[in-house]
Protein chains: 2
Amino acid sequence: MLLYQKIRNYIQDLLAQGSMQPGSKLPSERSLQDTFNSTRITVREALARLEAEGLIYSQKRRGWFVTSKKLSWHPARKVNFNRLTKEQGFEPKTEVISIEAPSSGYHVAKEHFSGEALFKLTRVRKVDERAILMEEIYCLESRFEGLDKQALNGSITDVMSMHYNVEISHEKCVISVTVLPDEVAQKLEKNSGAPCLKVKRARYDGQKQLVDYNVEYWLHDAIEMVVEGI
Amino acid sequence: MLLYQKIRNYIQDLLAQGSMQPGSKLPSERSLQDTFNSTRITVREALARLEAEGLIYSQKRRGWFVTSKKLSWHPARKVNFNRLTKEQGFEPKTEVISIEAPSSGYHVAKEHFSGEALFKLTRVRKVDERAILMEEIYCLESRFEGLDKQALNGSITDVMSMHYNVEISHEKCVISVTVLPDEVAQKLEKNSGAPCLKVKRARYDGQKQLVDYNVEYWLHDAIEMVVEGI
DNA sequence: CAGTGGTCTAGACCACGAT
DNA sequence: TCGTGGTCTAGACCACTGG
């Protein structure tokens with residue numbers, strides 16, 4: 001058997017035994033190197049596989065940690081992040097990074113909103129103190145006047161409903177696997193190059209008008225998506 | 001800038017220029033190493049990032065190649081693989097790996113079919129000669145007698161409808177990001193450890209009886225999922 | 001057969017985290 | 001300050017692909 005597979009199996013066994021709880025720290029790369037009379041390159045090969053598999057994750061220069069149970073997510077439903085995560089036994093937290101309404105349009109403005117002025121809301125969402133999602137929400141400045149004065153660390157759907165009388169009635173998501181862009185990786189305290197699920201979501205009201213357009217970057221090991229159909 | 005990022009950018013530029021078409025072969029690792037006066041480790045770091053990003057892919061010991069446009073897939077719809085891929089300009093192909101009905105039950109049998117005897121159909125699906133999907137389909141032996149004598153390289157939904165008068169009316173998918181299990185990687189001519197989308201799908205008839213249970217492994221760079229909701 | 005990617009060794013320096 | 005992961009060098013042998 002290949003050496004990096006031995007190391008991988010060794011760590012998998014550590015996890016399976018239950019001797020390592022979610023969130024706890026693995027032995028350092030150099031100590032694993034000594035354990036197996038090997039080199040860091042090979043140890044890191046094993047760790048990378050386990051990371052891709054979703055069993056462990058690294059935080060920049062802090063170390064390697066055991067992944068928690070995945071969050072079950074319904075991309076095609078109006079979901080309340082805080083409620084959903086609590087139902088599944090996690091402690092949610094939302095941080096507003098910025099809300100901007102610059103005079104110059106964004107790229108998405110041209111593509112989806114025919115060039116009109118937009119708000120851009122950027123947020124990071126955490127479960128159990130681990131940042132697992134960064135999202136950018138774009139919506140019309142004219143339709144949501146004063147949005148930047150609202151409380152934005154809860155459900156945007158609720159804010160739109162309560163303060164602007166706008167209801168979402170349909171949405172379309174496109175989901176792909178890619179890597180975190182560098183600026184997103186930084187916000188989530190990950191290395192650039194970390195795999196992720198990218199979700200692009202367009203939401204419409206009853207008149208089939210586009211209400212908002214979201215781009216979400218989910219850590220690949222933090223989520224599983226549930227879709228029901230027909 | 002980091003060296004592996006320089007190499008990554010260099011290759012990205014090659015792709016963006018259009019000088020490299022989908023499916024064409026990249027320079028070898030050793031030639032890139034010479035170009036940048038670097039080492040294979042560093043070159044492979046750059047290639048791994050580009051692979052994770054979905055821009056290139058490797059085939060075992062054959063080399064690195066440029067990825068094609070992604071296939072758009074609606075996981076929550078009854079879709080005909082052959083029709084869908086052709087509509088998007090690809091040339092589809094389905095290979096039946098095996099169909100078995102062993103006396104001993106499968107693990108899924110216990111979990112989903114309360115222990116009854118099952119067929120297990122294993123197939124690989126290709127677009128433009130590239131294997132991008134391996135799937136296992138489980139269904140009741142008693143309900144689909146003689147299924148192993150049917151033509152199984154087309155739509156299973158059609159076979160069930162035409163020969164067994166069974167119609168799918170509802171389905172539920174669970175989608176996660178992980179790595180190809182070793183035996184799947186082999187079938188798809190990939191290294192073990194290649195990232196993938198894993199789709200577990202349960203399909204029900206009008207009486208809410210479970211008709212079949214599928215496990216699909218999609219190459220992460222070959223597909224983007226489209227989901228519409230509410 | 002030559003060339004390719006897959007695996008591996010034995011080191012090194014750096015930036016950043018924890019303390 | 002010390003330990004950590006992040007990046008990098010300069011080689012090596014092997015299994016397999018392709019001509």
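All chains are named by letter (A, B, ...) in the order of the sequence lines, taking the proteins before the strands, and each is independently numbered beginning at 1. Fair warning: this is a prediction, and the values are worked out from it, not measured in the lab.
Atom-to-atom, OH of A:Tyr57 to P of D:dG5 comes out at 14 Å; the value is rounded to the nearest Å. Rounded to an integer number of Å, the gap from B:Asn191 CG to D:dA15 P is 16 Å. The distance from atom CG of A:Leu32 to atom C1' of D:dG3 is 15 Å, rounded to the nearest whole Å.
Side-chain N or O atoms of A:Lys200 include none that pairs as donor or acceptor with a backbone N or O of A:Glu216 at under 3.5 Å.
Ion pairing of A:Arg123 with A:Glu135 is present here, as a side-chain N (NZ or NE/NH1/NH2) and a carboxylate O approach within less than 4.0 Å. A salt bridge does not link A:Glu100 to A:Lys120: none of the charged nitrogens lies less than 4.0 Å from a carboxylate oxygen.
Taking side-chain N and O atoms only, A:Arg62 has no distance below 4.0 Å to OP1 or OP2 of D:dG5.
Nearer to the 5' terminus of DNA chain C, by closest-nucleotide assignment, is the contact made by A:Gln33 (compared with the other of A:Arg61 and A:Gln33). Taking the nucleotide of DNA chain D with the nearest heavy atom to each of A:Trp64 and B:Phe36, the more 5' of the two is matched to A:Trp64.
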(message) Could you go through A:Glu95 and A:Lys126, starting from their C-alpha distance and side-chain angles, then the distance that decides it, and tell me whether this counts as salt bridge (charged side-chain N to carboxylate O under 4.0 Å, His left out)?
(response) CA-CA 8 Å; A:Glu95 287 174 10; A:Lys126 301 183 175 183; 3.1 Å; yes
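Of the residues in residues 37-55 of chain B, B:Arg40, B:Ile41, B:Arg44 come within less than 4.0 Å of DNA chain C through at least one heavy atom, sorted by number.
Taking SG from A:Cys139 and CZ from A:Arg203, the interatomic distance works out to 9.5 Å, rounded to the nearest 0.5 Å.
Remark: B:Arg130 is positioned above the aromatic ring of B:Tyr57, its terminal NZ or CZ atom under 6.0 angstrom from the ring centre and at most 45 degrees off the axis.
Nucleotides of DNA chain C lying under 4.0 Å from heavy atoms of chain A occupy a range whose first and last members, 5' to 3', are C:dT7 to C:dA18.
Of the residues listed (A:Glu45, A:Arg44, A:Arg49), the one engaging A:Tyr4 in a side-chain hydrogen bond (donor to acceptor under 3.5 Å, both in side chains) is A:Arg49, and it is the only one.
Inter-residue side-chain proximity for B:Ile132 and B:Trp218 is flagged as met; some heavy-atom pair is nearer than 4.5 Å.
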